[in-house]
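Heads up, the thing below is written out as structure tokens.
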Protein chains: 2
Amino acid sequence: MIDPLHRVTIDDVASRAGVHKATVSRALNARTRHQVNAETAARVAEAAEALGYVPNAMARGLRTSNSMTIGVIIPDLTNPFFPPIVRGIENFLQPRGYTALLANTDDSEVIERASLDSLLGRRVDGLVVASGSLYSSALTDAHEAGVFAVMLNRDAGSLPYPLVTGNDATGIAAAVTHLAELGHRRILHIAGPADFSTSGTRADAFRAACSSTKGVSGTVVEASALSVEAGNQTMDKVLTERRARPTAVIAGNDLVALGVLRSLRSHGLSCPGDVSVVGFNDIEFAQDSNPPLTTVHVPMLEMGTEAARILLEAIENRAQEPLTVRLPVSLIVRGSTGPAPA
Amino acid sequence: MIDPLHRVTIDDVASRAGVHKATVSRALNARTRHQVNAETAARVAEAAEALGYVPNAMARGLRTSNSMTIGVIIPDLTNPFFPPIVRGIENFLQPRGYTALLANTDDSEVIERASLDSLLGRRVDGLVVASGSLYSSALTDAHEAGVFAVMLNRDAGSLPYPLVTGNDATGIAAAVTHLAELGHRRILHIAGPADFSTSGTRADAFRAACSSTKGVSGTVVEASALSVEAGNQTMDKVLTERRARPTAVIAGNDLVALGVLRSLRSHGLSCPGDVSVVGFNDIEFAQDSNPPLTTVHVPMLEMGTEAARILLEAIENRAQEPLTVRLPVSLIVRGSTGPAPA
DNA sequence: TTGAAAGCGCTAACAC
DNA sequence: GTGTTAGCGCTTTCAA
């Protein structure tokens, strides 16, 4: 094939329909279709169909300065927390003609910077940011450039961007109450790294819930990351170093909880017989772990959808204001929590 | 802010550097930098840096008819099989200046069509297709339009597109051998729907492996989908309808295997005591299931990387040929397989 | 080594 | 209701 690539342009359609290309443009765009004679419009549609015409989004975007794309910045698609969020975003974008451009940062500032430049070069109309340490330069620059953005699960520091998140405080409180009712008195919270805004929120909520619950003493340790590996290591350390073993653990998220389960197993401890474990997020496989994980369900798909909704609204209004949307969460009790050992 | 959005253009840089925009273009592109005086180039780079200039990819793409984007078509990002593949693709694309545009089809032909049109409208330079029933019209049209594509884990039917896949046959054979060595004689294969090319490949490999293994009798049933739910249902049906219960099951993939585990549990059967189970793919969670899943490890990240590599090569050469890359797989033995019951 | 000019494919003012 | 014209921001001949 010589020069085969989707070459049919608006001029091709125009000459086949016997009209000017401006008319084709009007006929093919919903917003301007009423300006053109119904018969002509039909002829144009027919010609476009026959030629397999697909408008060139780059040309359109260049003209309208509107790329109809949204940049989505996440740490790592491979983390099971993010795929539902991304799908939630896309579910909202797709029927509205927008496409998501995905950028994984692996929590590296260098990659964040490069990704952001790549997205800005593609002239994304807005950003959904679920990545961690982005507070700093990159996001600040984006804000100064007037880029619309919505934060997801991580606040924007001092930048006045909207934030969509789960209600961490009530989730943690529900977990503490659940454990207290099962008779647990020594509860450990394995928090995520301090540079994630959720880590602090959850740890604070944990301390508050413990101190307002009679007889419960809460301790907080920090994991180096929100991963299975980090959860495993942190729990190993707790089990070897501490004299008074906690009877229950509330993990910073489900991955950390899975790591805790592994650690317990390798130390010959049973869950929930010796130690109860609660996760956070309710990733898809929480119900298939061993034992099935009691966890705080966070509506991840909806978080994505909501973030996309708020972003498109800002784009349409050409203005945005700070705003925090806290979606309700709920404790899902499964097999990893049980009565405190006697 | 009035009119704030990334407005600095090549002309702004040109006037600040006191040169013509053509010179800026040459100075800023690696391929043409040698055409311009080193001093001038430095001045241009400085001006660009100072203004925070990021070239407009749409304008460039319009001019060069090269969008530097790749369309990635998958059924559902939420299926844990796909995130590693997508990351593998992006890992290869990103350092080369390409961006992936993701499209979820939910295995619907209507959505596939719409997604493909959206991608073609954005003038993607190529396609990685990991979606199912795409054989039909949409992909054929793309091929006729001269669009480059690489299939991933699903062949393209009669279309001469390259295919990247795992070595299904050796994986299944290894699983059968492993089970035979454990003394299993009645092995069941729960295949995926027939319209996925991998389903047939694996089922055929299963039959071949069984008939070439002394004393082993293999049966194949088909699940309605490659999902936990479908695996659960299919196994339920097997357990209630069949008189001679298989002592081992090789599932079409890990999700189906997890469904089988659920079914066994709900029927009061133990794994691997009563029935051994083998999965396929080795999704990340396979090691944390109950029991940990013996499964065929497929290098999903590498499959993505390889597909991207082949695609960019085709784009660069402006030509592509059919070709099948079969990546090696390996059996990972965990807790879900054990000796056949006496 | 640099500048001038044309044009990628589209939409939006402005005519008629 | 439709055609004409201009121009979005870039790269790439062609001249100088």
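Throughout, a chain's letter reflects where its sequence line sits, starting with A, and its residues are numbered from 1. We use all heavy atoms of the structure for the numbers below, so side chains are in, but hydrogens, waters and symmetry mates are not.
- For the pair A/R122 CZ and D/dC10 P, the computed distance is 14 Å after rounding to whole Å.
- At the phosphate of C/dT11, OP1 or OP2 sits under 4.0 Å from a side-chain N or O atom of A/N29.
- In terms of polar N and O atoms assigned as donor or acceptor, the side chain of A/R123 never comes within less than 3.5 Å of the base of D/dG9 in a complementary pairing.
- Here A/T23 does not reach the OP1 or OP2 of D/dT2: none of its side-chain N or O atoms lies under 4.0 Å away.
- Residue-level contact check: B/T40 touches the backbone only, with heavy atoms under 4.0 Å from sugar-phosphate atoms and none from bases.
- When rounded to the nearest whole Å, the span between CZ of A/R60 and P of C/dC8 equals 18 Å.
- At a threshold of 4.0 angstrom between heavy atoms, the contacts of B/S65 with the nucleic acid are absent.
- Taking atom OH of residue B/Y53 and atom P of nucleotide D/dG9, one finds them 10 Å apart after rounding to whole Å.
- Comparing D/dT5, D/dT12, C/dC10 by their nearest atom to the side chain of A/A59 picks out C/dC10.
- Between the C1' atom of C/dT11 and the CE atom of A/M58 lies a distance of 16 Å, rounded to the nearest Å.
- Comparing the helix axis at one end of the helix from C/dT1-D/dA16 to C/dC16-D/dG1 with that at the other, each defined from 5 consecutive pairs, gives an inter-axis angle of 40° (nearest 10°).
- Nucleotides of DNA chain C nearest to A/R63 and B/H34 differ in position, and the one nearer the 5' end is that of B/H34.
- Contact check of residues 44-52 of chain B against DNA chain C (heavy atom, cut-off under 4.0 Å) returns no residues at all.
- Shown here is B/R31, whose CZ atom has no more than 12 heavy atoms of other residues, nucleotides or ligands within 6.0 Å.
- Of the side-chain N and O atoms in A/T64, none sit less than 4.0 angstrom from OP1 or OP2 of C/dT11.
- As a whole-Å value, the separation of A/K21 NZ from C/dC10 P is 8 Å.
- The base of D/dG3 sits with one of its N or O atoms less than 3.5 Å from a complementary donor or acceptor on the side chain of A/R26.
- In this structure, A/L62 places its CG atom 18 Å from P of D/dA6, rounding to the nearest Å.
- Computed from coordinates, the B/L28 CG to C/dT2 C1' distance equals 16 Å when rounded to whole Å.
- With rounding to the nearest 0.5 Å, the separation of CE in B/M300 from CZ in B/F82 is 10.5 Å.
- Applying the side-chain hydrogen bond (donor to acceptor under 3.5 Å, both in side chains) test to residues at least two apart or on different chains, none of the pairs has a partner in residues 45-56 of chain B.
- With no hydrogens or angles considered, no side-chain donor-acceptor pair links A/T69 and A/R122 at under 3.5 Å.
- Atom CE of A/M68 is separated from atom P of C/dG9 by 21 Å (rounded to the nearest Å).
- Minimum atom distance to the side chain of B/A22 is reached by C/dA5, of the listed C/dC10, D/dT2, C/dA5.
- For B/R318, the CZ atom sits in a loose shell: 12 or fewer heavy atoms of surrounding residues, nucleotides or ligands are nearer than 6.0 Å.
- Judged by distance alone, the side chain of A/R43 and the main-chain N or O of A/A17 form a donor-acceptor pair under 3.5 Å.
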